[in-house]
Amino acid sequence: MLYTMMQVCRETGMTYEALKFYCNEGLVPNVKRDAGNRRVFDERDVAWIKSLTCLKQCGMSIQEMKHYLALCLEGERSIPERKMLLAEKREQLLERIRELEDSVDYIDHKQQFYDDVLSGRRPYESNLLPTEP
């Protein structure tokens, strides 16, 4: 089965513009054309495009995606390098998760502080306003 650009967009959640950009950047190899010279995609293309979406969400730049694609196109022999690249991205994602968890903890702490002030359980204190002498 072949998919049109719009069908791929619906299937992957990618915008038409993003898919066209990825194709123009060479990130979707082996793109086929129909009789009207419109891009069409098979199941393997759609699976790869879903991978591109994930790589983008992992924080890969276009250049990094191109490098990863080039490695994939080398076949099995590049698996160790691909694993290393993905491991680096994984560590960066874990660090980002830790940063987000710290941010959530901060918000939880501030919400509790505000609840305590509003209920009269503690006086209001500010790091920004001058203190009364």
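What you are looking at is a predicted structure, and each value in this text was computed from that prediction instead of being measured. Every heavy atom of this structure was used, including side-chain atoms; hydrogens, water molecules and symmetry mates were not. Numbers for residues simply follow the sequence, beginning at 1.
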Under a single-linkage definition using a 4.5 Å side-chain heavy-atom cutoff for Ile, Leu, Val, Met, Phe, Trp and Tyr, are [X] and [Y] assigned to the same hydrophobic cluster?
{"X": "Leu2", "Y": "Val31", "value": "no"}
{"X": "Tyr3", "Y": "Met5", "value": "yes"}
{"X": "Leu100", "Y": "Ile107", "value": "no"}

Donor-acceptor pairs are to be reported for all side-chain atoms of residues 18-26 against protein atoms at under 3.5 Å, with residues two or more places apart or in another chain.
| from | atom 1 | to | atom 2 | distance (Å) |
| --- | --- | --- | --- | --- |
| Asn24 | OD1 | Arg39 | NH2 | 2.6 |
| Asn24 | ND2 | Lys20 | O | 3.4 |
| Glu25 | OE1 | Lys66 | NZ | 2.7 |

Which atoms form the tightest heavy-atom contact between [X] and [Y], and what is the distance?
{"X": "Pro123", "Y": "Val117", "result": "O-CG2, 3.9 Å"}
{"X": "Glu64", "Y": "Met60", "result": "OE1-CA, 3.2 Å"}
{"X": "Phe113", "Y": "Glu125", "result": "CZ-O, 3.5 Å"}
{"X": "Cys72", "Y": "Ser78", "result": "N-OG, 4.1 Å"}

Self-check item: With Glu99 via salt bridge (charged side-chain N to carboxylate O under 4.0 Å, His left out) - residues at least two apart
Solution: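 Partners of Glu99 under the salt bridge (charged side-chain N to carboxylate O under 4.0 Å, His left out) test: Arg96.
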
Quiz item: Can you list the steps and then say if Asp116 with Gln112 is a side-chain hydrogen bond (donor to acceptor under 3.5 Å, both in side chains)?
Solution: CA-CA 6 Å; Asp116 290 348; Gln112 184 61 56; 2.8 Å; yes

Close side-chain approach of [X] to [Y], heavy-atom, < 4.5 Å:
{"X": "Thr4", "Y": "Arg38", "answer": "no"}
{"X": "Glu76", "Y": "Ile79", "answer": "yes"}
{"X": "Met6", "Y": "Arg10", "answer": "yes"}
{"X": "Val46", "Y": "Val28", "answer": "no"}
{"X": "Tyr68", "Y": "Leu86", "answer": "yes"}

Quiz prompt | Pairs satisfying salt bridge (Lys or Arg N to Asp or Glu O under 4.0 Å), at least one member in residues 102-112, at least two apart | solution = none

Practice problem: Hey, could you give me each pair passing side chain to side chain donor-acceptor pair (under 3.5 Å) that has a residue in residues 46-58? Not counting sequence neighbours. | Solution: Glu11-Lys50

Exercise. Evaluate the side chain to side chain contact (heavy atoms under 4.5 Å, CB included) criterion for residues Glu101 and Val104: first the C-alpha distance (whole Å), next the side-chain angles of each, then the deciding distance (0.1 Å), finally the verdict.
Key: CA-CA 5 Å; Glu101 287 172 342; Val104 169; 5.6 Å; no

Exercise. Check step by step if side chain to side chain contact (heavy atoms under 4.5 Å, CB included) holds for Arg82 and Glu74.
Key: CA-CA 11 Å; Arg82 284 185 267 165; Glu74 289 178 15; over 6 Å; no

Self-check item: Residues forming a side-chain contact (heavy atoms from CB on, under 4.5 Å) with Ser126, sequence neighbours excluded
Solution: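 Testing Ser126 for side-chain contact (heavy atoms from CB on, under 4.5 Å), a comparison that skips the adjacent residues, returns Tyr124, Leu128, Leu129.
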
Quiz item: Above 12 or not: heavy atoms from other molecules or residues under 6.0 Å from CZ of Arg122?
Solution: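 Result for CZ/Arg122: enclosed.
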
Quiz item: Should we say atom CZ of Arg44 is surrounded by more than 12 heavy atoms from elsewhere, each under 6.0 Å from it?
Solution: no

Rounded to the nearest 0.5 Å, what's the gap from [atom1] on [X] to [atom2] on [Y]? Could you check?
{"X": "Leu93", "Y": "Glu95", "atom1": "CG", "atom2": "CD", "result": "10.5 Å"}
{"X": "Ser61", "Y": "Leu55", "atom1": "OG", "atom2": "CG", "result": "10.5 Å"}
{"X": "His109", "Y": "Tyr114", "atom1": "NE2", "atom2": "OH", "result": "9.0 Å"}
{"X": "Leu52", "Y": "Leu69", "atom1": "CG", "atom2": "CG", "result": "7.5 Å"}

Self-check item: Side-chain hydrophobic cluster, 4.5 Å single linkage: members besides Leu94
Solution: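 Hydrophobic cluster check, Leu94: joined to Ile97.
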
Quiz prompt | Candidate pair Leu85 and Leu71, rule side chain to side chain contact (heavy atoms under 4.5 Å, CB included), full reasoning | solution = CA-CA 10 Å; Leu85 288 172; Leu71 290 172; 3.5 Å; yes

